[in-house]
Every structure is written in C-alpha cells, then in structure tokens.
J.: 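Please read through the structure below; I'll follow up with questions.
One-based numbering along the sequence shown.
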Amino acid sequence: MLQTFEIRYITGWETVDPNRLRTKGLIDREEYLHLITYPIKDRYNIHEIADCIGVHTVSSPQVAEILKGGVNTIVFTNSQKNKKLAEFNRIMSLIPNEFRQIDSPNFYKTTTKNERINLPESQEVSVAYYNANNVPVHIPIAFDAEFKPYSEIKENVEHNEALIRNYLLDTLLFNPVLLPRHYKRVEVMIYDMLDRITDQKEVPFFSGHRRSYSPACSGFCENYLQVYCYPC
C-alpha cells in the first residue's frame with residue numbers, strides 16, 4: 001500500500017523581532033538568582049550577592065556606537081587569598097566558554113589585574129576585577145561568603161547548569177523595550193542596592209563611600225531590566 005507524504009520547502013527568510021517569539025522561560029528571575037547563589041551557605045547575605053551577580057552576568061546590550069554594553073564589577077573580599085577567587089570563578093564558570101574568547105561579541109572575564117579591557121569587535125564587555133583599586137566599574141560585589149561542600153551539592157549544581165545558561169542566552173536574545181520612565185526607576189533601584197551593599201561593614205575599600213552612578217544609568221538600565229523586568 002502506497003503512502004502519501006507532504007514535502008515542504010523553505011523558500012525564504014524573514015527578519016522578525018525576537019520579542020514577538022518570546023514565551024515563558026524554563027525559570028523565572030527569582031529562580032535564576034537563587035540558582036546562581038545556590039552553592040553559597042545560607043547564613044550569608046545571599047540576596048545582596050545574588051542582586052550583584054545577576055546584574056553582572058545577564059546580557060547588557062550595546063546602546064550606542066561609542067558605548068559598549070556589559071557591566072563591570074569589583075569583587076571585594078577581606079582576604080587576598082585565591083580561595084575566594086576560585087569560589088567566585090566557580091559561579092562564573094556558568095558563563096559559556098564561547099563568551100570568554102576575545103573575539104566574542106559578548107565577552108566576560110575575571111582578572112586580578114588593574115587592566116582596561118578594550119575589544120573593538122565586542123558589543124558587550126563584562127569584566128570582574130578581584131580586589132582591584134582605581135578601576136571604574138558599575139557595581140561592587142561583596143564576596144566573603146563560604147561555599148557548601150561540593151560533594152553535597154554536585155548533583156544539583158550539574159542539574160542547575162543548563163537552566164542557568166538557558167536564562168542567560170534568553171537575555172542575550174530578548175532585549176527589554178525601554179520607556180523614559182524606566183531610567184529614573186532603575187536609577188533609584190541602583191542607589192538602593194548600592195546603599196544596602198555599602199551598609200555592610202565587612203565590605204572592604206567601599207564602606208561609607210556613595211559614588212554617583214547617574215552617568216552610567218543609560219547604559220546600565222537595560223541590564224538591570226534584564227534581571228528585574230524579564231518576563232516570567
């Protein structure tokens with residue numbers, strides 16, 4: 001008995017706004033912030049750490065030809081030992097390796113040097129400086145937390161990896177639509193977050209200093225909205 005099959009051909013492509021294809025993701029923003037800080041022991045200020053790492057890791061699109069996207073941070077600790085750096089890098093290992101290549105349009109790097117990263121071909125550059133001084137950044141991360149034993153969380157961490165990367169790639173593809181009122185709202189949020197961070201007395205180098213972040217708000221706004229206005 002003969003069977004009939006319908007054969008379809010692709011005859012062309014059409015450019016569309018990816019936001020029109022947006023659907024509910026595998027995880028929402030609260031789950032994302034929880035998963036990236038899951039290895040940290042619960043007694044630490046996980047919400048503050050999650051806020052900062054969340055803003056640093058999600059995609060921050062380029063808003064002008066002369067202004068690259070991305071969010072730079074300083075990872076402050078009370079210890080100069082490499083143990084804290086290794087623990088921070090364990091979280092940052094969730095960033096796909098492709099984004100660590102110098103020819104990547106979306107570039108991430110963690111460094112112990114006070115170096116300026118200038119990559120003309122990249123649209124986004126996000127650098128995490130470890131206990132650095134005199135480096136212009138968007139936001140600090142107070143990182144003196146301790147991690148849970150890896151043997152106890154290994155299975156969950158491996159399961160969470162795919163979910164976290166899915167969220168990161170979604171923020172790269174789907175950019176928020178910005179309205180004028182968003183800029184003031186995000187600026188207030190940024191100052192509130194910075195005040196909560198700098199009120200922590202254990203934060204070295206930064207406690208008691210409240211710098212002006214208003215000039216960076218236009219470039220930072222998209223990134224903050226990626227975390228806090230991303231669709232659930």
Side-chain angles (χ1 to χ4, degrees), residues 25-60 70-102 104 106-113 117 124-132 137-172 193 196-197 200-206 223 226-228 230 232:
L26 296 176
I27 58 174
D28 61 27
R29 72 180 72 85
E30 293 301 328
E31 291 171 311
Y32 173 72
L33 296 177
H34 168 71
L35 292 180
I36 60 176
T37 53
Y38 173 74
I40 297 174
K41 290 184 177 180
D42 294 335
R43 67 174 179 267
Y44 291 92
N45 297 317
I46 292 179
H47 293 298
E48 283 78 5
I49 295 174
D51 281 344
C52 297
I53 294 181
V55 170
H56 173 65
T57 53
V58 300
S59 173
S60 175
V71 169
N72 292 340
T73 183
I74 291 181
V75 183
F76 287 120
T77 75
N78 283 319
S79 171
Q80 297 294 332
K81 296 180 181 179
N82 289 332
K83 178 182 178 182
K84 295 298 180 186
L85 177 60
E87 290 176 340
F88 179 76
N89 283 336
R90 191 194 302 179
I91 292 179
M92 294 304 294
S93 67
L94 298 166
I95 301 293
N97 288 332
E98 291 82 358
F99 292 171
R100 301 177 185 279
Q101 308 301 318
I102 60 173
S104 171
N106 309 86
F107 179 76
Y108 290 81
K109 181 176 182 177
T110 301
T111 180
T112 58
K113 301 177 181 179
I117 308 296
E124 297 181 28
V125 176
S126 296
V127 182
Y129 296 93
Y130 185 72
N131 276 346
V137 298
H138 297 92
I139 194 168
I141 299 177
F143 197 78
D144 273 314
E146 293 182 12
F147 274 44
K148 303 169 186 174
Y150 187 70
S151 59
E152 296 179 8
I153 62 175
K154 181 177 183 293
E155 185 176 346
N156 286 337
V157 167
E158 292 175 350
H159 171 73
N160 296 341
E161 219 172 77
L163 297 174
I164 292 172
R165 288 182 174 173
N166 173 268
Y167 190 94
L168 286 173
L169 294 175
D170 274 358
T171 65
L172 176 62
M193 182 165 59
R196 285 189 286 115
I197 296 167
Q200 303 297 321
K201 294 181 180 180
E202 67 270 18
V203 181
F205 313 121
F206 208 82
N223 181 270
Q226 291 282 43
V227 179
Y228 292 98
Y230 187 75
C232 298

J.: Using the six-membered ring of Tyr38, assess whether NZ or CZ of Lys148 lies under 6.0 Å from its centre and within 45 degrees of the ring axis.
T.: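 Yes, Lys148 sits over the ring of Tyr38.
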
J.: Has the side chain of Asp28 got a donor or acceptor atom that lies under 3.5 Å from a matching backbone atom of Glu31?
T.: yes

J.: In this structure, which one of Leu169, Leu172, Val125 forms a side-chain contact (heavy atoms from CB on, under 4.5 Å) with Asn106?
T.: Leu172

J.: Check Cys52 against Pro140 and note the closest heavy-atom contact, atom names and distance.
T.: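 What the structure gives for the nearest pair is SG-O, 3.3 Å.
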
J.: Let me see the working for Ile164 and Tyr32 under side-chain contact (heavy atoms from CB on, under 4.5 Å), right down to the final yes or no.
T.: CA-CA 6 Å; Ile164 292 172; Tyr32 173 72; 3.7 Å; yes

J.: Work out which heavy atom in Arg90 is nearest to a heavy atom in Phe147; give both atom names and the distance.
T.: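 Closest approach of Arg90 to Phe147: NH1-CD2, 3.2 Å.
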
J.: Keeping Ser126 on the side-chain end and Val71 on the backbone end, is there a donor-acceptor pair under 3.5 Å?
T.: yes

J.: Going by the angle between their ring planes, with limits at 30° and 60°, are His56 and Tyr108 parallel, tilted or perpendicular?
T.: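 Rings of His56 and Tyr108: perpendicular, over 60°.
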
J.: Is a side-chain N or O of Arg165 found less than 3.5 angstrom from the main chain of Leu94, in a donor-acceptor match?
T.: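 Yes; at least one donor-acceptor contact below 3.5 Å.
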
J.: Would you indicate whether Glu158, at its atom CD, is surrounded by more than 12 heavy atoms from other residues, nucleotides or ligands within a distance under 6.0 Å?
T.: yes

J.: Looking only at heavy atoms, which two atoms of Leu33 and Gly54 are closest? And how far apart?
T.: CD2-CA, 3.9 Å

J.: Minimum heavy-atom separation for Glu124 and Ser59, please, with both atom names.
T.: OE2-OG, 2.7 Å

J.: For Val127, which of Ile74, Thr110, Asn72 qualifies under side-chain contact (heavy atoms from CB on, under 4.5 Å)?
T.: Asn72

J.: Quick one: pull up CZ in Phe88 and CD1 in Ile49 and give me the separation to the nearest 0.5 Å.
T.: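 So the gap between those two atoms works out to 10.5 Å.
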
J.: Show your reasoning for whether side-chain contact (heavy atoms from CB on, under 4.5 Å) applies to Phe76 and Ile141.
T.: CA-CA 6 Å; Phe76 287 120; Ile141 299 177; over 6 Å; no

J.: Any side-chain heavy atom of Ile40 sitting closer than 4.5 Å to one from Ile91?
T.: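 Result yes, sub-4.5 Å side-chain heavy-atom pair found.
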
J.: Please round to the nearest 0.5 Å and tell me the distance separating atom CG of Asn160 and atom NE2 of His34.
T.: 7.0 Å

J.: What's the separation between atom CG in Asp170 and atom CG in Leu26, rounded to the nearest 0.5 Å?
T.: 7.5 Å

J.: Evaluate Phe107 against Ile117 for side-chain contact (heavy atoms from CB on, under 4.5 Å), listing each step before the verdict.
T.: CA-CA 10 Å; Phe107 179 76; Ile117 308 296; 4.0 Å; yes

J.: About how many Å separate CE of Met92 and CG of Asn89, when rounded to the nearest 0.5 Å?
T.: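 Result: 8.0 Å between the selected atoms.
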
J.: Between the side chain of Thr57 and the main-chain N/O of Ile53, is any donor-acceptor distance below 3.5 Å?
T.: yes

J.: Ignoring hydrogens and angles, tell me if any N or O in the side chain of Thr73 forms a donor-acceptor pair with the backbone of Ala128 under 3.5 Å.
T.: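 Here the side-chain-to-backbone pair does not exist.
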
J.: Counting C-beta onward and ignoring hydrogens, is there a side-chain heavy-atom pair between Tyr167 and Leu163 closer than 4.5 Å?
T.: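 When only atoms from C-beta onward are counted, Leu163 and Tyr167 do not touch, as no gap falls below 4.5 Å.
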
J.: Return the minimal non-hydrogen interatomic distance between Tyr130 and Lys84, and the atom names on each side.
T.: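 Closest pair (atom of Tyr130, atom of Lys84, distance): OH-CB, 3.2 Å.
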
